[in-house]
Amino acid sequence: MHAKRIAATLAVVAASLLLQYLPKSQDASAEENWRAPLKNPVLMRDFLQPSADWSAGHRGVDYLVAVGEPVYAPSSGIIRFSGQLVNRSVISITHPNGLISSVEPVCSSVDKGESVSAGQQIGQVCSQEQYISHCGQKLCLHFGIKNELGYLSPLYELGLLAPSRLKPWDGQLRSFV
């Protein structure tokens, strides 16, 4: 039973990693370069793929921020949600390539249904009275991306993930992408 659970977990993790490395669409109208939602991002916490939809993980990346710091659209799209979710302000954007990005805690300067361009300011970092940062004593901006199959590392869309490199027994390095 334990071996089956480990095998299933490894299969889920392998499949999600593979999805991140599949070639992107060549349709120029649906593709554009992604950018971090901040001018000078400082990464605090990386993406951690959960072993199952309901299990622990970190479904995005966190950047160190200060209250009032401007937040920008990481890519062009349509505002999907802009408002309060539980105890934090969230903005999510649907992009032409089918991805959905989200940033929080961000007080919005855009409304649901509004078109935004890559790099356009969409709000500013804010912290409501009831909000407790999941970065401890420091305030962080959480940036997530997902598609119909689940969450992806935003670092992939930003072009910051290097391909896995395996060292076979013969000592030759090979890249598998």
Side-chain angles (χ1 to χ4, degrees), residues 12-13 15-22 24-25 30-67 69-128 131-136 138-161:
V12 168
V13 171
S16 63
L17 288 173
L18 178 63
L19 286 174
Q20 293 183 36
Y21 289 105
L22 290 176
K24 294 184 182 183
S25 163
E31 284 293 322
E32 71 173 48
N33 291 330
W34 282 62
R35 60 199 75 202
L38 301 165
K39 285 287 186 207
N40 298 303
V42 175
L43 188 65
M44 285 184 61
R45 188 171 173 203
D46 204 351
F47 179 86
L48 177 60
Q49 180 67 43
S51 58
D53 290 344
W54 59 87
S55 66
H58 188 238
R59 294 161 174 86
V61 296
D62 293 333
Y63 294 112
L64 181 63
V65 291
V67 171
E69 192 169 339
V71 178
Y72 305 93
S75 183
S76 297
I78 306 290
I79 299 298
R80 177 185 184 101
F81 178 83
S82 176
Q84 197 76 7
L85 188 61
V86 186
N87 63 350
R88 61 195 178 276
S89 295
V90 178
I91 299 174
S92 64
I93 304 170
T94 301
H95 303 280
N97 60 1
L99 295 177
I100 299 168
S101 65
S102 63
V103 288
E104 60 181 79
V106 179
C107 289
S108 178
S109 59
V110 292
D111 296 316
K112 180 179 178 181
E114 188 175 329
S115 291
V116 293
S117 301
Q120 175 184 334
Q121 185 172 345
I122 57 174
Q124 62 186 19
V125 175
C126 60
S127 181
Q128 284 80 18
Y131 180 73
I132 299 173
S133 175
H134 70 271
C135 293
K138 300 182 182 207
L139 182 61
C140 60
L141 176 83
H142 182 82
F143 173 38
I145 296 177
K146 67 180 184 172
N147 64 15
E148 69 279 354
L149 299 175
Y151 287 89
L152 304 170
S153 173
L155 299 180
Y156 172 70
E157 289 302 322
L158 297 175
L160 299 174
L161 283 182

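Heavy-atom basis, side chains included; hydrogens, waters and symmetry copies ignored.
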Approximate separation, where rounding is to 0.5 Å, of Leu139 CG and Met44 CE: 8.5 Å
Sequence neighbours excluded - ring-ring contact (aromatic ring centres under 6.0 Å, His included) pairs with any residue from residues 73-110: Trp34-His95
With Ile79, the side chain to side chain contact (heavy atoms under 4.5 Å, CB included) member among Asp111, Thr94, Val116: Val116
Under a 4.5 Å cut-off applied to non-hydrogen side-chain atoms, are [X] and [Y] in contact?
X: Pro74; Y: Phe143; result: yes
X: Glu104; Y: Ile91; result: no
X: Arg80; Y: Lys112; result: no
X: Leu38; Y: Glu69; result: yes
X: Leu99; Y: Glu157; result: yes
X: Glu114; Y: Gln120; result: yes

Under the side chain to side chain donor-acceptor pair (under 3.5 Å) test, residues paired with Ser92 that sit two or more places apart: none
By side chain to side chain donor-acceptor pair (under 3.5 Å) - contacts of Ser109 (at least two apart): none
Considering all heavy atoms, the nearest [X]-[Y] contact:
X: Leu155; Y: Tyr63; result: CD2-OH, 4.4 Å
X: Ala73; Y: Ile93; result: CB-CD1, 4.0 Å
X: Asn147; Y: Leu152; result: ND2-CD1, 3.7 Å
X: Ala66; Y: Val125; result: O-CB, 3.5 Å
X: Val106; Y: Cys126; result: C-SG, 3.7 Å
X: Arg35; Y: Leu158; result: C-CD2, 3.2 Å

Donor-acceptor under 3.5 Å (Ser76 side chain, Ala118 main chain): yes
Exam field: side chain Ser108 to backbone Ser82, donor-acceptor pair closer than 3.5 Å: no
Verdict with reasoning, Lys138 to Leu64, per side chain to side chain contact (heavy atoms under 4.5 Å, CB included): CA-CA 7 Å; Lys138 300 182 182 207; Leu64 181 63; 4.0 Å; yes
